[in-house]
Amino acid sequence: MSTSVLVINCGSSSIKYALVSERREDRIFGLAENLGSPEARIKGITTGGEALELSIPNADHEKALETILERLAHHNPQAIGHRVVHGGTLTKAELLTPEIIERIREATPLAPLHNPAHLVGIDATMRLFPHLPQIAVFDTAFHQTMPSHAYRYALPKFLYTMHNVRRYGFHGTSHAYVSERGSQLAGSFKQGGWLTAHLGNGSSTCAIWNGQSVDTSMGLTPLEGVVMGTRSGDVDPSIHSFLASNLGWDIYKIDKMLNSQSGLLGLSDLSNDMRTLIEAADEGNEDAALAIEVFCYRLAKSLAALSCGLPRIDGLFFTGGIGENSALIREKTLAYLPHFGFNLSKENNNALKRGTEGRIDAGTGPQIWVVPTDEEGRIAKETEHVVAALEHPTTKKSEPETEVA
Ligand code: AMP
């Protein structure tokens, strides 16, 4: 019998879900949104591949999860895998026990927008499905292999020792999947030095040596690093005192500006959406063109900086909505990195179809690949791995591995 894992990603007013079967290609997925409001609804794809839209007025997380599960019950999921953004210093996926739930709660000050929403979802699924094993898979866990010289800030030591102020990194599930899958495609399974660029509405880069994260662009929070849809990425930290002293802004206003009004949106004064900006730039919008250029230049700078964590560079993987779909952004970014020997094949880059994996270098220099990410598949795999270890505690644990399709 084919087994399946229900993957759940709870936001403050939304729940993304995916039922991932052992044969990864059969997948049912959807999104419950506007939770807690009269417009609450579920949109998704059914088993038959048909579109689903269901109104669930005023439903909260628990009601939405109940509805989702009612529709999926006949698939008999064997476990639930929860995406959790911040796991503090937890290094791997964990069975949700009262102790692990407490660790997620303790990490809330480090992810105040995400962890409380995950806890609401966890609480609801624990009540609804007390007999199913429930596993937390953390965005931060993959980066726990970073050495201290990569994860420490040059700040007073007590902020680290007493208040956990350090770099954690995020998007770990995606960087882990893409680097593993990509290095398989490249024929160097988990060996060597690879850079990953996860470019979506949130974006980050990662340096991976022999399958382990050695540095990444995001830090204490997902604000650090490269330019994102609405997040600034790196800025001079004195921006806070500058804006407070000169414009009288308080810390909340500055935080909101840096997280929600900056990045591509702030630079272009038009949109956080890369497709919109590319179209606008084509039509002569100079702000949109500048936003694209800053995005690519800073991304290249980040990749160059992270390469310091690698003894050598075997290649680079692009992923995420922008990385997978935009030949232009890949070309512009690599144009800033000629001294690393990257040699893009424009033909292969432009010919790559949306959503497909493929190699896009010209055959010399480090390899360049596009690898569509699969965070749900990776969460399902890690969930299965934890469940298998619970069922067979004496079996030697090994890393979850990604099949070559
Ligand atoms: P994600 O957060 O991974 O879903 O990625 C969302 C981002 O991908 C948005 O900025 C989209 O505009 C961008 N994106 C999707 N398709 C394309 C495309 N064909 N060209 C450029 N950007 C794209």
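In each ligand, atom 1 is the first atom listed, and ligand 1 is the first ligand listed.
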Among non-hydrogen protein atoms, atom 3 (O) of ligand 1 lies closest to G321 N, 2.9 Å

Among non-hydrogen protein atoms, atom 2 (O) of ligand 1 lies closest to N201 N, 2.9 Å

- [ ] Would you mind reporting whether Q134 and I122 have side-chain heavy atoms less than 4.5 Å apart?
- [x] no

protein heavy-atom neighbour closest to atom 23 (C) of ligand 1 works out as R275 CG, 3.7 Å

Self-check item: Side chains of H198 and S204, donor plus acceptor under 3.5 Å
Solution: no

Among non-hydrogen protein atoms, atom 13 (C) of ligand 1 lies closest to I322 CG1, 3.6 Å

Among non-hydrogen protein atoms, atom 12 (O) of ligand 1 lies closest to D273 OD1, 2.6 Å

Please determine, by modelled atom types, if Y168 and E224 share a side-chain donor-acceptor pair under 3.5 angstrom. no

Practice item. Give a yes/no on ligand 1: does R354 have at least one heavy atom closer than 4.0 angstrom to it? Key: yes

In ligand 1, the atoms that come under 4.0 Å of a heavy atom of G200 are 1 (P), 2 (O), 3 (O), 5 (O)

For this session: Would you confirm whether S245, through its side chain, and S241, through its main-chain N or O, come within 3.5 Å as a donor-acceptor pair?
Result: yes

- Does the R231 side chain pair with the main chain of P222, one donor and one acceptor, at a distance under 3.5 Å? yes

When every non-hydrogen atom of N201 is compared with those of M228, the smallest separation belongs to O-CB, 3.4 Å

The closest protein heavy-atom partner of atom 16 (N) of ligand 1 is N325 ND2, 3.4 Å

If you scan protein heavy atoms around atom 10 (O) of ligand 1, the nearest is M274 N, 3.0 Å

Hey, does P77 have a side-chain heavy atom less than 4.5 Å from the side chain of L19?
yes

Any donor-acceptor pair under 3.5 Å from R167 side chain to A150 backbone:
yes

If you scan protein heavy atoms around atom 21 (C) of ligand 1, the nearest is S326 CB, 3.6 Å

Checking heavy atoms under 4.0 Å, the part of I278 that sits near ligand 1 is side chain

